[in-house]
Amino acid sequence: MRRSDRAATVPAVPMDTFQSLLAKKLSDALARAGLPEVGELTQATDPRFGDYQSNVALVFGKQRGENPRALAEKIVAHLDVDEFCGRPAVAGTGFINFTLRQAAVEKQTLEVLQDDRLGVAETESPRRIVIDFGSPNVAKPMHVGHIRSTVLGDALARVAKFLGHEVIRDNHVGDWGTQFGMVIWGWKNLLDRQALQRNPLAEIVRVYKETNERASRDTEVREACRQELVKLQAGDKENTDIWNECVAFSMQDFERVYKLLDIRYDLQCGESFYNDQLPNVVDRLLKAGIAEISEGAVVVFFRDDPDLADKPLIIRKRDGGFNYATTDLATIDYRVNELKADTIWYVVGAPQTLHFKQIFAVAQREGYTVDVRHVTFGSVLGEDRKLMKTRSGENVPLRELLEEACRRARKIIDEKNPDLSEDEKNDIAEKIGIGAVKYADLSQYRTTDYIFSWYKMLSLHGNTAPYLQNAYVRIRSIFRKAGAIAVATPLWGVGAAQYEEAGHRPVATAFTLTEPTEINLAKRLCQFAEIVPQVLNGFRPNILANYLFELANSFHAFYEACPVLKSEEPARSSRLMLSDLTARVLQRGLDLLGIKVPERM
RNA sequence: GUGCCUGUAGCUCAACCGGAUAGAGCUUCUGACUUCGGAUCAGAAGGUUGGGGGUUCGAAUCCCUCCAGGCACGCCA
């Protein structure tokens with residue numbers, strides 16, 4: 001049975017997780033015990049406490065002034081969870097602990113194995129989410145500063161999509177603003193055409209930097225730049241053409257990075273896209289009495305908001321020009337009214353917190369009900385704990401950094417697996433190098449700054465992408481070997497296609513788990529469906545990364561203790577299925593983080 | 001000056017709308033290989049969660065205060 005066929009024959013009933021099943025049972029028991037039916041139930045914090053735990057008795061005990069242990073006993077008496085676990089234990093000051101029955105684990109794992117979504121249910125309340133991430137600036141190369149927004153935004157988009165939300169990925173490119181006065185003046189006065197042909201963006205950057213420097217010490221140059229900007233904004237043909245060319249060159253450069261990173265966008269509506277809407281935004285806000293004129297500029301004051309009372313927001317400068325606050329307000333309008341978004345996530349660094357507070361406050365005053373969230377993140381630091389820069393103090397170009405990652409990965413492959421073909425080595429090096437960079441970022445909580453270390457991210461040991469990729473590779477190796485010795489086995493997953501190619505027809509069967517490491521691994525596999533939705537709760541891909549790391553650990557422990565191919569049936573089939581499912585969860589989980597897995601490495 | 005963020009093992013990090021004895025990895029040390037990829041596994045050592053108060057059955061988590069670092073605060077984006 002092809003996986004695609006199976007999808008057609010198995011009805012798409014969303015799977016329950018142990019957590020949701022037990023939570024429902026707990027809720028029933030609370031009702032029978034005459035208590036409010038709200039109670040949380042989480043994965044156990046420690047294996048000593050079983051698999052799941054609830055502290056409802058502690059919470060209710062406090063609220064009602066009753067003894068929590070007695071309450072816990074009362075709740076347990078009403079609990080009917082025999083299908084999944086033995087009698088729940090009351091422990092500590094009143095925790096209720098649940099330990100799964102092996103039969104229930106075997107049954108659940110089988111269902112996960114048969115599910116294309118690996119047990120992950122789609123959301124019951126799908127939303128249309130615009131995710132604003134990346135946002136590089138035209139006429140500047142992408143640098144390390146862009147990596148977190150890009151990688152984090154992409155991962156959130158992948159997870160949201162997988163959970164059934166409608167996702168619109170929008171690249172809010174910085175393609176407008178005062179820097180273009182300098183770019184255009186430089187283009188007209190300093191441009192080296194040959195250099196432009198060789199490396200367009202590098203030449204544009206050189207010209208921009210030199211102009212910037214001249215303008216800082218020469219008022220005439222500064223004034224000339226300002227004039228070029230005015231002409232551009234007035235629609236001057238020559239300047240518009242130059243601007244268009246700069247944008248095109250920059251976009252080409254971005255695309256190369258996106259190809260390496262495997263990032264795609266649904267929309268790339270840069271700042272300039274909103275130009276013709278900016279006067280409307282200001283008029284609207286003035287008419288509504290939200291904005292007012294102050295010292296010649298149009299400004300929004302938040303006098304009744306203690307946090308923002310002394311932090312006005314300028315939406316039109318004294319000289320009549322607009323700034324990025326105006327653009328951001330026009331952008332919200334477009335996303336709500338044209339794109340019909342009900343949710344917008346801004347994956348933008350923490351320094352802009354105040355700006356977004358102000359923007360969101362204005363939108364709220366205008367009556368927008370869209371759910372807007374600023375997803376912040378910390379900085380990328382060098383090993384000296386300062387903002388990561390090159391030796392000469394410049395930003396590190398992102399493309400060079402990514403290429404360096406692939407080079408370093410390639411070197412490791414040359415050492416470990418020299419016999420692979422050149423093409424395969426390059427392909428693997430890219431998967432490992434890019435994966436390592438992404439994983440180093442995503443495996444850490446987003447708001448903390450992180451220290452960029454080649455040594456750590458490319459290590460085969462510890463919580464790294466190469467370690468997880470290696471776990472996958474080992475499993476695939478088992479299946480290559482199994483195929484070679486030609487044994488029929490019941491599989492539905494990744495391995496199934498291979499078996500079919502070898503002429504073996506998979507047959508359905510059950511798990512038979514005997515060893516502690518097998519049971520532990522199976523439980524872990526069932527948790528995938530509980531973990532994935534949590535990623536969006538607080539925008540934390542790192543909890544998925546941590547889960548995958550623990551899964552790989554559990555697999556390795558199993559692998560160490562349990563021979564797969566050399567074992568007797570039914571353990572052999574059961575272990576092959578466990579291995580196959582582990583590979584699929586690793587592959588899917590890493591895919592949700594935007595990381596690819598190689599077949600060998 | 002005002003506001004926001006950060007401070008957890010030697011190092012890099014988890015755990016955060018309060019929950020059980022604060023967990024991993026790296027490093028160090030001790031074990032396990034005629035290995036289905038040892039690129040592994042099992043174990044040990046390592047802590048006054050920046051300091052001090054407070055709230056309560058319970059605090060890394062919430063409140064106050066101090067210290068240290070970072071960031072932002074009207075015409076850049």
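Naming: A, B, ... by sequence-line order, numbering from 1 per chain.
The distance between the ring centers of Tyr467(A) and His556(A) falls below 6.0 angstrom. You'll find the ring centres of Tyr324(A) and His355(A) inside the 6.0 Å limit. Between Phe95(A) and Phe49(A), the ring centre distance reaches or exceeds 6.0 Å. Aromatic rings of Phe360(A) and Tyr346(A) (six-membered ring for Trp) have centroids within the 6.0 Å cut-off, being under it.
We find that CZ of Phe377(A) is positioned 17 Å from P of rC5(B), with the value rounded to whole Å. For the pair Leu548(A) CG and rG25(B) P, the computed distance is 16 Å after rounding to whole Å. Computed from coordinates, the His374(A) NE2 to rC4(B) P distance equals 16 Å when rounded to whole Å. If you take CG of Asn553(A) and P of rG43(B), they are 12 Å apart, rounded to a whole angstrom. We find that NE2 of His556(A) is positioned 17 Å from P of rU35(B), with the value rounded to whole Å. Taking atom CG on Leu354(A) and atom P on rC73(B), their separation rounds to 7 Å, with Å as the unit. Computed from coordinates, the Phe558(A) CZ to rC36(B) C1' distance equals 10 Å when rounded to whole Å. As rounded to whole Å, 7 Å separates atom P of rU40(B) from atom CG of Asn470(A).
Two residues are said to be in side-chain contact when any heavy atoms from C-beta on lie closer than 4.5 Å; Val375(A) and Val348(A) fail this criterion.
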* Structure fact -> Whether each nucleotide of nucleotides 9-22 of chain B has a protein heavy atom under 4.0 Å at its base (B), only at its sugar-phosphate (S) or at neither (-) is summarised, 5' to 3', as --SSSSSS--BBB-
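Two residues, His461(A) and Ala350(A), neighbour RNA chain B, and the one matched to the more 5' nucleotide by heavy-atom proximity is His461(A).
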For nucleotides 74-76 of chain B, print each protein N/O atom paired with a nucleotide N/O atom at under 3.5 Å, atom names and distance only.
unit_1  : atom_1 : unit_2    : atom_2 : d
rG74(B) : O6     : Glu295(A) : OE2    : 3.1
rG74(B) : N1     : Ser294(A) : OG     : 3.0
rG74(B) : N1     : Glu295(A) : OE2    : 3.4
rG74(B) : N2     : Ser294(A) : O      : 3.0
rG74(B) : N2     : Ser294(A) : OG     : 3.2
rC75(B) : O2     : Arg318(A) : N      : 2.7
rC75(B) : N4     : Glu295(A) : O      : 3.2
rC75(B) : N4     : Arg318(A) : NH2    : 3.1
rC76(B) : OP2    : Lys317(A) : NZ     : 3.1
rC76(B) : O2'    : Thr178(A) : OG1    : 3.0

Each nucleotide N or O in nucleotides 29-32 of chain B that has a protein N or O under 3.5 Å away: list the pair and distance.
none

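Between Asp384(A) and Lys386(A) there is no salt bridge, since no side-chain nitrogen of the basic residue lies less than 4.0 Å from a carboxylate oxygen of the acidic one. Ion pairing between Lys389(A) and Glu394(A) fails under the 4.0 Å rule for side-chain N and carboxylate O.
Residue contacts shown for Pro351(A) are limited to sugar-phosphate atoms, with no base heavy atom under 4.0 Å away. Among the heavy atoms of the strands lying under 4.0 Å from Lys416(A) is at least one base atom, whether or not backbone atoms are also near.
Rounded to the nearest Å, the gap between the C1' atom of rU34(B) and that of rA24(B) is 34 Å. Going from the C1' atom of rC63(B) to that of rU55(B) covers 7 Å, rounded to whole Å. Separation of the P atoms belonging to rU35(B) and rG10(B) is 40 Å when rounded to the nearest angstrom. Only the P atoms considered, rG51(B) is 16 Å distant from rA22(B), to the nearest whole Å. With C1' as the reference atom, rA72(B) and rA77(B) are 14 Å apart, rounded to whole Å. Look at the C1' atom in both rU8(B) and rG47(B): the space between them is 8 Å, to the nearest Å. Using atom P as the reference point in both rC66(B) and rC11(B), the two lie 28 Å apart (nearest Å). The P atoms of rG23(B) and rA59(B) are separated by 16 Å, rounded to the nearest whole Å.
With centroids closer than 5.5 Å and planes inclined by less than 30 degrees as the test, Tyr559(A) and the base of rU40(B) fail to qualify as a stacked pair.
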Under 3.5 Å, sequence neighbours excluded: what are the donor-acceptor pairs made by side chains of residues 176-184 of chain A?
none

* Please report the C-alpha distance between Lys431(A) and Val597(A) in whole Å, then the side-chain angles of each, then the deciding distance to 0.1 Å, and finally whether the side chain to side chain contact (heavy atoms under 4.5 Å, CB included) criterion is met. => CA-CA 7 Å; Lys431(A) 285 171 175 160; Val597(A) 285; over 6 Å; no
* To do: Just do the salt bridge (charged side-chain N to carboxylate O under 4.0 Å, His left out) check on Arg217(A) and Glu213(A) with the steps written out, would you?
  => CA-CA 7 Å; Arg217(A) 53 183 162 80; Glu213(A) 201 203 312; 3.7 Å; yes
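Checked against side chain to side chain contact (heavy atoms under 4.5 Å, CB included), Pro36(A) has the following partners two or more places apart in sequence or in another chain: Val38(A), Phe60(A), Arg64(A).
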* Asked: Which dot-bracket notation, 5' to 3', represents the base pairing of RNA chain B when pairs are defined as Watson-Crick or G-U with both distances under 3.5 Å, crossing pairs as [ ], and inter-strand pairs as |?
  -> (((((((..((((.....[...)))).(((((.......))))).....(((((..]....))))))))))))....
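The aromatic rings of His172(A) and Tyr274(A) sit tilted, their planes meeting at an angle between 30° and 60°.
Between Ile412(A) and Leu458(A), the shortest heavy-atom contact is CD1-O, 3.9 Å.
A sub-4.0 Å separation between OP1 or OP2 of rC73(B) and a side-chain N or O of His355(A) is absent.
Between the CZ atom in Arg69(A) and the CD atom in Glu73(A) there is a gap of 6.5 Å [rounded to 0.5 Å].
Side-chain atoms of Thr514(A) and Glu518(A) form a donor-acceptor pair, as typed in the model, at a separation below 3.5 Å.
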